[in-house]
Student: 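Input: one structure, supplied below.
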Amino acid sequence: MRERRRLPGPAAAAAVLCACLVAGCAYFNSLYNARRAFDDAQAARLQDQPLEAASAYREAVDKAARSYRSDQTGRWADDALYIMGRAYFHSGDWARSQAALERLLATSSDSSLHAGARVYLGGVALATGRRDVGMRLLDEALEEVPDAMLRAEGHLWRARAAFDAGRAEEGWAGLDRSEEASRELNVAVALERLVRGLDNDHFDHARAGAATVLEKASGEAWADTVFATVERASNLWGAGPAAAMFAAAERSGWTPAARSRVRLERARLLARAGDTVAAGEVAGEVARGDDRTAREARIALARWQLNSVDRLEELEEVRAILLPAIALSEALRLIEHMEHVGLFVERAATTGDHLALFAGAELARDSLGSPHLARQFFTLYADRDRGSAWEAKAVMAALELTGDEDERQTLAARLSRLDDNIYVQASEGAEARPAEYAVLEGRLGTSLAILNQRIAAEAVNRDVAVREAARTLDSIRTAEDLVRRIAAGDSLLLDSLRLDSLRADSIRRNAPGAASTDAFFAPDTVPPTDSILPRDSLPRRDTIPRRDTLDRAEPSPGPVRPASGSEAGAA
């Protein structure tokens, strides 16, 4: 039999000690890594990074479980159970969280761990619908918890339970205690205050919550939530109070880009509330930047200005605002729409196609959002195409776009004189001639579609100067006023017409860069001088002299009647 060899005493002790040290190091390293993973998960959760938080909580559970299995009765077993219970809780695994925490209570004598475990068990009870049990556990344990952040979180859970139970005052008090307990949860508490303020129709609490989130740099992670809740506040209390909730953006700790987003949204709310001056100031400051938000601010400024323009030449100012923002498709579309409006006016002036004014009016109303400009075009079309089936349609469109009471009365009186028009009858509920109505709408739609195609094609080949179109529109207005005055028998005008026209023509010939084709009708549609003012009758309403033809001495075969707007449009 082989003799058993014995290790010397000191060597055996060293071997055992070495094994224990190795096992202890592995055990402690697992626990250390579990703690670090849990802290990372908490930070990610407070920064609204749910995926990162969920991954870190799983890692914390894995590391803590490995540590616990290594020595279930060791010095750090309680800490491992505590990490597991909390990580399971924040992962939404209530059953495993409760099991780990109850085991901790059964095996540990650490009073601080006991208090923390009871707080989390109170949270589990609240999460699983046992409100009374949860609130009792929290009441018993919260004051004993040394961890300030956990104490703040416990008060937050309890406040939520009070709100859900319909005890709002108790809920507000709980939020106050949570804020006092720890600054780490200030943003989370502020978000709760914001949301509960909306739920309970309490504006002051909602505004205070929004202000805190905006002031804290960490609140930027919840920007989308803030935007959504403030939009909800606008629907609940109006755009003005909602804009007040964004006032803290001026002192915000967010990054400049995020702060600009908030300020632009505040400007939009101010505009909706009717405070266009303040809205323009805020948006104008944002527009000085060179990022996407600055370009969006330019679009907002342009749209607000488009809503108020009442002269065509003002579109040049809007175009200047939009040009630095053409990288955005919306800015480019607005610029194109303004160019098309100018082309419609030019077409009406040079071809006598009155329907181009109708098309320009619809574009100004529907695409540019310029009701004042659209109203003028509709009215001008109705004046130029009197007697057509679409005159009443244009007058009704103008009536819808005006808020001036005197103008409304004038347009309404005009409609009353068109009571036999099919559009007027349709607006009054008459069912006569439905087929004719459909035919007229079809003809109008086809004519407008053709006009829009022609203008779009022409815009591709040339850059329209809106300023030139504005001068053309002034000529149209002047011509229409002249026709009305002559038709009304204005004797003073009839006596001075030739003299005024000759003087104007002399000025035009001597002015540098003066245009020679800014009258309404094309040269081949202008009647000769002798036929304009016959001695025995008034001029026809559908003709008007060109200023540069009044002093001609050559005879002419006679007046040529220009094509009507409806005929040109239908062509």
Student: Suppose we screen for side chain to side chain contact (heavy atoms under 4.5 Å, CB included). Which residues come up paired with A87, at least two apart in sequence or across chains?
Tutor: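 Partners of A87 by the side chain to side chain contact (heavy atoms under 4.5 Å, CB included) criterion, ordered by chain and then number, come out as F38, Y57, A60, V61.
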Student: When rounded to the nearest 0.5 angstrom, what distance separates CG in L322 from CD in E330?
Tutor: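 It comes to 9.0 Å.
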Student: Between atom OG of S234 and atom CZ of F246, what is the distance when rounded to the nearest 0.5 Å?
Tutor: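 It comes to 10.0 Å.
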Student: Could you give all pairs that pass the side chain to side chain donor-acceptor pair (under 3.5 Å) test and reach residues 277-288, with sequence neighbours left out?
Tutor: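 Checked against side chain to side chain donor-acceptor pair (under 3.5 Å) - neighbours excluded - the pairs reaching residues 277-288 are R263-E285.
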Student: Sort out for me which residue in E400, E362, M396 forms a side-chain contact (heavy atoms from CB on, under 4.5 Å) with F378.
Tutor: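 Answer after filtering E400, E362, M396: E362.
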Student: Once salt bridge (charged side-chain N to carboxylate O under 4.0 Å, His left out) is applied, what residue pairs with a partner in residues 97-107 remain, sequence neighbours excluded?
Tutor: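 Every candidate salt bridge (charged side-chain N to carboxylate O under 4.0 Å, His left out) pair involving residues 97-107 fails, so no pair, neighbours aside, qualifies.
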Student: Can you say whether the rings of Y120 and H90 are parallel (under 30°), tilted (30 to 60°) or perpendicular (over 60°)?
Tutor: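 Plane angle over 60°, so perpendicular.
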Student: Using 0.5 Å steps for rounding, measure from the CG atom of N452 to the NE2 atom of H340.
Tutor: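 With rounding to 0.5 Å, CG (N452) is 8.5 Å from NE2 (H340).
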Student: Measure from the side-chain N and O atoms of T293 to the backbone N and O of S260, and report whether any donor-acceptor pair falls under 3.5 Å.
Tutor: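 Such a contact is absent between T293 side chain and S260 backbone.
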Student: Please check if the distance between the ring centroids of Y82 and H114 is under 6.0 Å.
Tutor: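 For Y82 and H114, the ring centres are not under 6.0 Å apart.
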Student: Which residue pairs pass the salt bridge (charged side-chain N to carboxylate O under 4.0 Å, His left out) test with at least one member in residues 42-65, sequence neighbours excluded?
Tutor: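 Salt bridge (charged side-chain N to carboxylate O under 4.0 Å, His left out) check on residues 42-65 returns R45-E153.
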Student: If the threshold is 4.0 Å, N to carboxylate O, is there a salt bridge linking E296 and R303?
Tutor: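 Judged by the 4.0 Å cut-off on N to carboxylate O distance, E296 and R303 do not form a salt bridge.
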Student: D93: which residues meet the salt bridge (Lys or Arg N to Asp or Glu O under 4.0 Å) condition with it, sequence neighbours left out?
Tutor: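 For D93, the residues satisfying salt bridge (Lys or Arg N to Asp or Glu O under 4.0 Å) (neighbours in sequence not counted) are R96.
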Student: Is the distance between the ring centroids of W157 and F89 under 6.0 Å?
Tutor: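 Yes - the distance between ring centres of F89 and W157 falls below the 6.0 Å cut-off.
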Student: With sequence neighbours left out, which residue pairs that include part of residues 209-220 fulfil the salt bridge (charged side-chain N to carboxylate O under 4.0 Å, His left out) condition?
Tutor: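 Non-adjacent pairs meeting salt bridge (charged side-chain N to carboxylate O under 4.0 Å, His left out): E215-R251.
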Student: Nearest 0.5 Å, what's the CG-CG distance between L105 and L81?
Tutor: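 Output value for this atom pair is 10.0 Å.
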Student: Judged by atom type as modelled, is there a donor-acceptor pair below 3.5 Å linking the side chain of S182 to the main-chain atoms of S178?
Tutor: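 Side chain of S182 to backbone of S178: no pair is present.
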Student: Flag the pair M338 / L306 as yes when at least one side-chain heavy-atom distance between them is below 4.5 Å, and no otherwise.
Tutor: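 Side chain of M338 against side chain of L306, heavy atoms only: contact under 4.5 Å found.
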Student: Under 3.5 Å, side chain of T128 to main-chain N/O of A125, donor-acceptor pair present?
Tutor: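 Flag set: sc T128 to bb A125 pair under 3.5 Å.
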Student: Any side-chain to backbone donor/acceptor pair from D275 onto A271? Under 3.5 Å, distance only.
Tutor: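 Not at all, since once roles are kept as given, no pair shorter than 3.5 Å links the two residues.
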Student: Are the side chain of R298 and the backbone of I321 linked by a donor-acceptor contact shorter than 3.5 Å?
Tutor: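 Checked: pair present.
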Student: Could you tell me whether a side-chain N or O of W254 sits under 3.5 Å from a main-chain N or O of V213, the two making a donor and an acceptor?
Tutor: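 Indeed, once roles are kept as given, a pair shorter than 3.5 Å links the two residues.
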Student: Once salt bridge (Lys or Arg N to Asp or Glu O under 4.0 Å) is applied, do any residues pair with D404, and if so which ones, sequence neighbours excluded?
Tutor: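 None.
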Student: Residues two or more places apart in sequence or in another chain: which of them pass salt bridge (Lys or Arg N to Asp or Glu O under 4.0 Å) with R86?
Tutor: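 R86: no salt bridge (Lys or Arg N to Asp or Glu O under 4.0 Å) contacts found.
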Student: Taking only residues at least two apart or on different chains, which pairs with a member in residues 160-170 satisfy salt bridge (charged side-chain N to carboxylate O under 4.0 Å, His left out)?
Tutor: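 Non-adjacent pairs meeting salt bridge (charged side-chain N to carboxylate O under 4.0 Å, His left out): R158-E170, R160-E192, D164-R196, R167-E170.
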Student: Residues in salt bridge (Lys or Arg N to Asp or Glu O under 4.0 Å) with R136, at least two apart?
Tutor: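 E140.
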Student: According to side chain to side chain donor-acceptor pair (under 3.5 Å), who are the partners of D110, at least two apart in sequence or on a separate chain?
Tutor: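 Result, side chain to side chain donor-acceptor pair (under 3.5 Å) vs D110: S112.
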Student: Side chains of D201 and W237: donor-acceptor distance under 3.5 Å anywhere?
Tutor: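 Looking only at side-chain atoms, W237 and D201 do form a donor-acceptor pair, the distance falling under 3.5 Å.
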Student: Sub-3.5 Å donor-acceptor pair from the side chain of S252 to the main-chain atoms of L214, do we have one?
Tutor: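 Flag set: sc S252 to bb L214 pair under 3.5 Å.
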Student: Kindly compute the distance separating OG (S55) from CD (Q49), expressed to the nearest 0.5 Å.
Tutor: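 Going from OG on S55 over to CD on Q49, the span is 12.0 Å.
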Student: Test your reading of the model: is there a side-chain donor-acceptor pair from R118 to the backbone of A141, 3.5 Å cut-off?
Tutor: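 Not at all, since once roles are kept as given, no pair shorter than 3.5 Å links the two residues.
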Student: With R232, which residues qualify under side chain to side chain donor-acceptor pair (under 3.5 Å), at least two apart?
Tutor: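 R232 satisfies side chain to side chain donor-acceptor pair (under 3.5 Å) with D199 only.
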Student: To the nearest 0.5 Å, what is the distance between CZ on R408 and CG on L401?
Tutor: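 Interatomic distance, R408 CZ to L401 CG, rounded to 0.5 Å: 10.0 Å.
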